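Below is one structure; the comments refer to it alone.
None of these values were measured; they are calculated from a predicted model. These numbers come from the heavy atoms of this one structure, side chains and all, not from hydrogens, waters or symmetry mates. A, B, ... follow the sequence lines: proteins, then strands. Residue 1 opens every chain.
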Amino acid sequence: MTAIPLKKIDDYRWELPIGYVPGMRVPGRVYADEQLLADIMKDESLKQVANAATLPGIIGASLAMPDIHYGYGLPIGGVLATDVSDGIISPGATGYDINCGVRLIRTNLTRQDLPLETLKTLVAALFAKIPTGVGSHGKIKLSAAESRKVLTEGAAWAVKKGYGQDADLEHSEAGGCLEGADSELVSDRAHERGAGQLGTLGSGNHFLEIQYVDEIYNSDAAKVLGLAENQITVMIHTGSRGLGHQICTDYLGMMGQALTKYKIELPDRQLACAPFKSKEGQQYLAAMRAAANFAWANRQCLMYWAFEVFLMTLNISPKALGFNLIYDLAHNIVKIEKHQVEGKTRELVVHRKGATRAFPSGHDEVPAAYKSIGQPVLIPGDMGRCSYVLMGTQAALEETFGSTCHGAGRVLSRHQAIKQAKGRSIYRELEDKGIIIKTAGRETLAEEMPEAYKDVSQVVEVVHQAGISGKVARLRPLGVIKG
DNA sequence: ATGTCC
């Protein structure tokens, strides 16, 4: 095996020099400590970081967050920015689950309000109400006309239908809707797959979790977000389901042909792309935005049903419950953003694939309520350990196009995890730690067991120490439903 | 992630 020529910049930054892969236009830059780096070097993800550095119009560096692992084309945990004038846009660098993302909800409850029996009842009720599992269908069956509205209006569609309130939209990245979505550029098959899946959780690492605030690192920021120790929160992690997956598949096909048409040479066809300004590039952008809007509507519906379950199960008033959205963000998406590049403002095509936007205080796109502290960054961990709330920083804006990590990142493949879980009861192991789980299938529980993931605390420590986000609070799981 | 192989 050839050694990877990584150059240490400091304890948390590593450079992958131009030349590691032929045709690199910029270096790669990896955010990691030595221990995480050892895991990262076990798979081919650094090669994928280098491959992305060959893409036309790439700006700065091909970036990798500490939770990177091997993915389709670009690693999960990769950030790729290109210039709108001469750069490309790539579905493989965005990911199959378009606008996979996280939503965090605060409540007025504390841990004491949820003794074990109440918690069990709540988890069972959530599992009964919210469809989970691969291919699951929800209670909303969208007509063709309604489907088009969802794809252009996003979370606002759900709020208009009564699933939530206007304040939810203000507390969401992009207000829960990207302008410029075009439902006409979404295939019939994608529409069909999405029609029955609005308000469903899905499978894999997607979850709905009841948590409590276990530790506060920044009390001023926590106060602005409405978080205090022992408070109950709810986190929802899901995306655009079969609809986004189908859109990615459809456009990967189109981009494969675009490579020939636009004479783009790549080290890996999984990075298939088209010039941003080309017809193909613009069509993918508009379809990708439609999928992103579906995902925002999806998380909005799920939040509303969770709200109903809490009200019914605990038999309290909405006011007493105080079920308010703190923030909702995308961690698989392409955004057109203005950034400073060598002292000049340039418009960039920012691909974040398993990476979270982390804009600083004062930034235009941070909700008014959080302007003083910066954009909330939500980092889901595995179901046995913890999740984090961070905030965006100026350093992130300057170094990583305003980006940070997105989660723990797998260390065991699904297959390896199933093998290691043989003969064990993961359910019991978690219950012994006070965590109540309900999943559609035993296999998901094994695939998603805590040891299948890196320690999210270590990942978060890297981005905190590197300064590309700041720790605000740690959340511990109490009850989880999964697909 | 994903009607985990149209």
Once salt bridge (Lys or Arg N to Asp or Glu O under 4.0 Å) is applied, do any residues pair with [X], and if so which ones, sequence neighbours excluded?
X: Glu173(A); value: Lys335(A)
X: Arg148(A); value: none
X: Arg442(A); value: none

Original post:
Who pairs with Glu399(A) by side-chain contact (heavy atoms from CB on, under 4.5 Å), at least two apart in sequence or on another chain?
Top reply: Arg13(A), Arg29(A), Tyr31(A), Ala395(A), Ile468(A)

**OP:** Using the test side-chain contact (heavy atoms from CB on, under 4.5 Å), find all partners of Val26(A) that sit at least two apart in sequence or belong to another chain.
**Re:** Ala53(A), Ile58(A)

Is [X] touching bases, backbone alone, or none of the nucleic acid, heavy atoms closer than 4.0 Å?
X: Gly204(A); value: sugar-phosphate
X: Gln197(A); value: sugar-phosphate
X: Ser203(A); value: sugar-phosphate

Could you state the [atom1]-[atom2] distance from [X] to [N], rounded to the nearest angstrom?
X: Arg189(A); N: dT2(B); atom1: CZ; atom2: C1'; answer: 13 Å
X: Asn99(A); N: dT2(B); atom1: CG; atom2: P; answer: 13 Å
X: Leu201(A); N: dT2(B); atom1: CG; atom2: P; answer: 9 Å
X: Leu243(A); N: dT2(B); atom1: CG; atom2: C1'; answer: 12 Å
X: His206(A); N: dT4(B); atom1: NE2; atom2: P; answer: 16 Å
X: Tyr96(A); N: dC5(B); atom1: OH; atom2: P; answer: 11 Å
X: Glu448(A); N: dT4(B); atom1: CD; atom2: C1'; answer: 13 Å
X: Gln246(A); N: dT2(B); atom1: CD; atom2: P; answer: 13 Å

Original post:
Would you find more than 12 non-hydrogen atoms of other residues, nucleotides or ligands less than 6.0 Å from Lys279(A) atom NZ?
Top reply: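 Check fails, neighbour count at 12 or below.
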
**OP:** Look at atom NZ of Lys47(A) and say whether more than 12 heavy atoms of other residues, nucleotides or ligands are closer to it than 6.0 Å.
**Re:**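 Atom NZ in Lys47(A) is not crowded, with 12 or fewer foreign heavy atoms closer than 6.0 Å.
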
Original post:
Going by heavy atoms closer than 4.0 Å, what residues in residues 408-424 of chain A are next to DNA chain B?
Top reply: Arg414(A)

